[in-house]
Amino acid sequence: MSYVDEVLERVRTKNASEPEFLQAVDEVLNSLRPVIEANEEKFRKEALLERLCEPERQFKFRVPWVDDNGQVQVNTGYRVQFNSAIGPYKGGLRLHPSVNIGIIKFLGFEQIFKNSLTGLPIGGGKGGSDFDPKGKSDREVMAFCQSFMTELCKYIGADTDVPAGDIGTGAREIGYMFGQYKRIRGVYEGVLTGKGLSYGGSLARTEATGYGLLYFTDEMLKSNGKSLEGKICAVSGAGNVAIYAIQKAQQLGAKPVTCSDSTGWIYDSEGIDVDLLKEVKEVKRARLSEYAAKRPSAEYHEKKDGEHGVWTVKCDVALPCATQNELDLDDAKALVANGCFAVAEGANMPTTLEATKYLQENGILFAPGKASNAGGVATSALEMSQNSERLSWTFEEVDGKLKDIMVNIFHSADNAAKKYGCDGDYVAGANIAGFEKVVDAMLAQGVC
Ligand code: NDP
């Protein structure tokens with residue numbers, strides 16, 4: 001049995017109740033076969049893949065807090081410190097009822113390769129809680145965040161582990177957590193990224209993941225003799241990633257016509273009005289039906305089980321920016337049938353393995369999230385640099401660095417794919433390019 005198959009089998013047995021983690025490991029290890037097979041004996045002796053698939057450590061903790069009725073609530077908090085071969089652990093905190101250890105492990109595992117691809121010195125980690133900020137008062141969110149950080153602060157630090165935002169964790173939550181960290185640890189340091197501008201945040205961090213996605217997509221299209229100019233984009237999500245992806249797509253001449261949230265989706269034949277979308281989702285934290293109520297060109301569709309939402313709309317480029325496994329095989333078939341020629345992931349693992357395979361087999365340019373959405377974590381690392389220097393760079397400076405990083409990531413993935421005989425397969429290319437640097441560092445640091 002090959003080393004990859006041996007490890008896959010062991011990982012499946014050991015983590016049987018964690019389907020998202022298994023899906024991520026499956027995708028990565030299978031696409032690494034050419035590199036691993038070329039070094040099979042050495043890697044097996046070093047137990048390199050076993051070490052890579054086992055987090056360095058993981059924390060699971062109780063998060064008690066008091067709601068507005070005086071009732072004590074209890075959530076579960078997690079932090080997985082997956083791999084520190086190339087730098088301090090770095091990765092967001094997800095606050096969503098669906099959060100469990102398997103989801104945090106899948107995200108932390110992906111983060112190792114994504115962070116490596118940015119070319120910056122950051123290792124892989126992830127955390128979060130099954131707390132749902134939706135429908136909670138500001139005071140309740142603060143109570144939760146303070147309790148969460150009271151425990152988490154024991155394990156993180158500016159040089160050890162630097163969490164950031166993710167689904168459900170925006171500027172408000174980061175602010176409450178930062179305040180609590182400072183209060184307990186007594187240090188003012190860049191322990192979190194995604195901070196507000198008045199206390200160490202970076203300009204362009206809010207926009208970074210969405211903008212970065214479009215910089216990557218633009219470069220991928222150009223390298224394949226295509227362009228975004230005049231192209232119709234179908235976008236899912238209506239959060240941080242989706243909003244700024246839509247904005248940058250428009251700036252690059254494309255026309256995004258859809259977005260979605262957990263209750264429904266919008267088709268706007270005139271193109272999405274970003275200011276209105278921001279007002280509805282960022283300011284009012286309302287549902288997308290409010291967008292449609294104010295915009296005559298928009299149709300609102302309530303989310304229904306078994307329906308395929310935004311992926312049924314005719315488009316040239318699809319940008320899934322909501323959540324994992326939101327684009328399945330049927331969606332992929334609909335996109336191909338409608339003439340879509342590129343899919344670029346803004347979310348983490350939004351496309352199922354079967355859908356990815358189908359898209360690639362049908363000649364669709366496919367940008368995997370760990371490469372195309374790396375702009376967020378890259379800019380977080382730039383925020384860490386600014387905090388260490390005690391300086392703040394201009395928007396243009398940060399945005400310029402972000403663009404260079406995204407263009408470099410595309411070419412690293414493209415070159416790695418070409419080097420290993422899978423030209424145009426950016427999934428394999430991104431995994432190989434990210435893996436090579438991490439492996440080099442792990443081998444240099446001995447058995448640890
Ligand atoms: P947000 O919480 O800001 O937005 C998520 C959006 O997706 C919301 O509009 C939400 O709806 C919608 N959504 C969530 N779950 C579902 C679902 N099951 N069905 C339909 N819509 C859903 O998160 P982000 O924009 O920050 O993150 C989106 C994705 O991008 C995640 O996969 C995240 O891990 C990834 N990512 C984020 C980065 C960042 O910098 N923020 C960096 C790299 C990756 P509603 O408005 O109703 O809540």
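Note that the coordinates shown come from a computational prediction; the quantities given were computed from them, not determined experimentally. Start at 1 and go down the list; that is how both ligands and their atoms are numbered.
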By ring pair (Phe, Tyr, Trp, His ring centres under 6.0 Å) - contacts of Tyr176 (at least two apart): none
Tyr291 side chain to Asp273 main-chain N or O, any donor-acceptor pair under 3.5 Å? yes
Residues passing the salt bridge (charged side-chain N to carboxylate O under 4.0 Å, His left out) test with Glu54, sequence neighbours excluded, are Lys14
Amino acids in close contact with ligand 1, where any non-hydrogen atom sits under 4.0 angstrom away: Arg94, Lys114, Lys134, Asp166, Ile167, Gly168, Arg205, Thr209, Gly237, Ala238, Gly239, Asn240, Val241, Ser260, Asp261, Ser262, Lys281, Lys303, Cys321, Ala322, Thr323, Gly346, Ala347, Asn348, Asn373
In chain order, what residues pass the side chain to side chain contact (heavy atoms under 4.5 Å, CB included) check against Ala286, with sequence neighbours excluded? Val280, Lys284, Glu290
Say whether, by atom type as modelled, one donor and one acceptor occur between the side chain of Lys314 and the main chain of Asn338 under 3.5 angstrom. yes
If you measure only the distance, is there a donor-acceptor pair under 3.5 Å linking the side chains of Gln111 and Lys114? no
